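Below, all heavy atoms of this structure are taken into account, side chains as well, without hydrogens, waters or symmetry copies. Note that the structure is predicted; figures quoted are calculated from it, not measured. Numbers here are sequence positions counted from 1.
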Amino acid sequence: MTAPNIYLSDFWSIVDAGSRKLRLEKILKNTQAHTAFLDSLLLHNKILIPTQEYLELLVLLKLYGQKNIINLLQSDIVQFIRLKGSYAYRKGRGLMAYYTIDNKQRQPHPFAADTEDVLTALSQYMLNQHSMMPLDSRLCSLILEKTIEVSAATIESEIWQRTISDIQNNLNCYPEFCNIPDLVNLPSISEAQIYLIGDETAGIENPLVMRLLEMSVAQTELLLAKKGAASDFSIGRGYVRQLLNRVIDTSYNTALTELFKLSEIPDLLPLINCGQVQLEQIIKLRESSSGKGFREWFHINCRHSSSENIQREYIQLLKSIPNVNSNGGKFNRCLFGLAVSAIPYVGPLLGVLYNVIDYFKTEELVNGKSPQLFLQKLEGLSIGE
């Protein structure tokens, strides 16, 4: 069984009416999103990161540097899915794709510009506002290669219909819309007014507008995940959680937490933040045979399990792995080596060869793809071994 791909909902800094600086600060402080990213490295085949203007890329570069991000992209571990454009609500129209901001140059806002232009602008922003090195040309090429682009205009109608259908079929979840017969013409709104996602003024004037836009974003995330072939979600925002908890299985997250607790493995994020663990080490462990074996074992045995079942699977895992490096295991291997050496004529040579192979390869041959070996190595990283 191949581990599923995951869509990191809570890593998306959605373009809203607020400033880019505030959105960047918000995601930099979002420890839940960063923990989800690290857990996903260990647990999932591919990480799908939603974006509009690649602020999420800037966050990753700030935390882990260009070399690591290039490695993750080249290894096909991380992929971006970009919504080109944004959404707004207009009375008489309902949901509409929103592409440009009026200014003297009449140029598209970064969230609606071509990807090459967005990356050029981001590189200058990194240099001028954050004293960071501009984007490496190789990194830019990889981002273009590893980005799925979806136009807000092409999915606008489908998202609106999904949003309306969700409300009509689940009024018990959305009681505020029970007495609203026409969602295209919400009350107390002038026909000329356009409300953007995250517009705080609109939220005060008409909370229903903001609610509709938030629900439209949740439907957009479901569609983006489908286009990126991601079946697992890391759910952050409340309105996304409310919708996705009804249609998406997120039990894997609880199962992983329980398993790490049983294995006495601490949260990796503080260890990375203090420099005790490096991202390169996590990537290397993830790509090892034991890392791949762990992902397969986890999704077969643990992801849908209760706490009691996870404990039982963990105990079975411990019992199923021969401890070849215990004193008893080493003694038995030593006896076998001596027996081989006693074979007439060829014994001494075979004995030497066996001992060399045993020294370098026993753990790999016996435990190489073992989930338990993976957990042991992960615990070793956490305590600085």
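Hydrophobic clustering places Leu144 together with Leu73 (ILVMFWY residues linked when any side-chain heavy atoms are closer than 4.5 Å, directly or through intermediates). Clustering ILVMFWY residues whenever any of their side-chain heavy atoms sit less than 4.5 angstrom apart, transitively, puts Leu57 in the very cluster that holds Tyr64. Note: the hydrophobic cluster containing Met96 does not contain Ile167 (ILVMFWY, side chain heavy atoms under 4.5 Å, direct or indirect links). Neither Leu72 nor Met133 shares a network with the other; the hydrophobic side chains, linked directly or stepwise wherever heavy atoms of I, L, V, M, F, W or Y lie under 4.5 Å apart, form separate groups for each. When hydrophobic clusters are built by joining Ile, Leu, Val, Met, Phe, Trp and Tyr residues whose side-chain heavy atoms come closer than 4.5 Å, directly or via intermediates, Leu28 is grouped together with Tyr125.
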Residues Ser75, Glu287; criterion side chain to side chain donor-acceptor pair (under 3.5 Å); working and verdict: CA-CA 9 Å; Ser75 303; Glu287 293 297 276; 5.1 Å; no
Working for side-chain contact (heavy atoms from CB on, under 4.5 Å), residues Ser86 and Ile14: CA-CA 9 Å; Ser86 189; Ile14 296 177; 5.7 Å; no
CA sep, side-chain torsions, deciding dist, call: Trp160, Ile164, side-chain contact (heavy atoms from CB on, under 4.5 Å): CA-CA 6 Å; Trp160 181 238; Ile164 292 176; 3.2 Å; yes
Step-by-step side-chain contact (heavy atoms from CB on, under 4.5 Å) determination, Met132 to Gln66: CA-CA 10 Å; Met132 298 172 64; Gln66 295 204 30; over 6 Å; no
Residues Gln219, Thr163; criterion side chain to side chain donor-acceptor pair (under 3.5 Å); working and verdict: CA-CA 7 Å; Gln219 292 290 346; Thr163 303; 5.3 Å; no
Residue pair Asn30, Val59: steps toward the side-chain contact (heavy atoms from CB on, under 4.5 Å) verdict: CA-CA 11 Å; Asn30 188 346; Val59 170; over 6 Å; no
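When all heavy atoms are compared, the tightest approach of Asp232 to His299 is OD2-CE1, 4.1 Å. For the pair Leu224 and Ile81, the tightest heavy-atom approach, listed with the atom from each and the gap, is O-CD1, 3.1 Å. Residues Phe374 and Leu285 approach most closely at CE1-CG, 3.6 Å, considering heavy atoms. Across all their heavy atoms, Ala88 and Leu213 have their closest contact at C-CD2, 3.8 Å. Looking at every heavy atom in both residues, Asp10 comes nearest to Ala33 through O-CB, 3.2 Å. Taking each heavy atom of Arg286 and Leu41 in turn, the nearest pair found is NH1-O, 2.7 Å.
Contact annotation: the side chain of Ile69 never approaches that of Val78 to less than 4.5 Å [non-hydrogen atoms, C-beta and beyond]. With a 4.5 Å cut-off on side-chain heavy atoms, Leu58 and Met126 count as touching. You'll find the side chain of Glu53 reaches within 4.5 Å of the side chain of Arg23, heavy atoms only. Looking at heavy atoms from C-beta onward, Leu223 lies out of side-chain contact with Val150 at the 4.5 angstrom threshold. Phe260 places a side-chain heavy atom less than 4.5 Å from the side chain of Leu42. Inter-residue side-chain proximity for Pro50 and Leu83 is flagged as unmet; no heavy-atom pair is nearer than 4.5 Å. Considering only heavy atoms from C-beta on, Lys84 comes within 4.5 Å of Asp114 through its side chain. Counting heavy atoms from C-beta on, the side chains of Asn71 and Leu279 never come closer than 4.5 Å.
The structure places CD1 of Ile143 at 6.0 Å from CZ of Phe80, a figure rounded to the nearest 0.5 Å. Taking CZ of Phe111 as the start and CG of Leu55 as the end, the distance is 12.5 Å to the nearest 0.5 Å. For the atom pair OG (Ser216) and CD (Glu221), the distance works out to 12.0 Å, reported to the nearest 0.5 Å. Considering CG of Leu135 and OG1 of Thr120, their distance stands at 8.5 Å, rounded to 0.5 Å. How far OG1 of Thr154 is from CD of Glu149: 9.5 Å, rounded to the nearest 0.5 Å. Phe37 contributes atom CZ, which lies 9.0 Å from atom CG of Leu63 (distance to the nearest 0.5 angstrom).
In this structure, Glu56 contributes its side chain and Ser13 its backbone to a donor-acceptor pair below 3.5 Å. With Tyr7 contributing its side chain and Ile47 its backbone, the two residues share no donor-acceptor pair below 3.5 Å. Put simply, the side chain of Glu264 never gets that close to the backbone of Lys261: no donor and acceptor are under 3.5 Å apart. Looking at His44, its side chain never comes within 3.5 Å of a backbone N or O of Asp39 through a donor-acceptor pair. Looking at Arg82, its side chain never comes within 3.5 Å of a backbone N or O of Tyr54 through a donor-acceptor pair. The backbone N or O of Ile159 lies less than 3.5 Å from no partner atom in the side chain of Tyr87, so there is not a single donor-acceptor pair.
Each of Leu43, Asp267, Leu268 was evaluated against Leu38; a single residue qualifies, Leu268, per the side chain to side chain contact (heavy atoms under 4.5 Å, CB included) test.
Using cut-offs of 30° and 60° on the angle between ring planes, the pair Tyr174 and Phe177 is perpendicular.
By the 6.0 Å contact criterion, CG on Asn179 is open, its count of non-hydrogen atoms from other residues, nucleotides or ligands being 12 or less. Annotation: Lys227, atom NZ; neighbour count of heavy atoms from other residues, nucleotides and ligands within 6.0 Å does not exceed 12.
The pair Glu158-Arg162 counts as a salt bridge, with a side-chain nitrogen and a carboxylate oxygen less than 4.0 angstrom apart. With respect to Asp136 and Lys67, no salt bridge is recorded, no charged nitrogen being found less than 4.0 Å from a carboxylate O.
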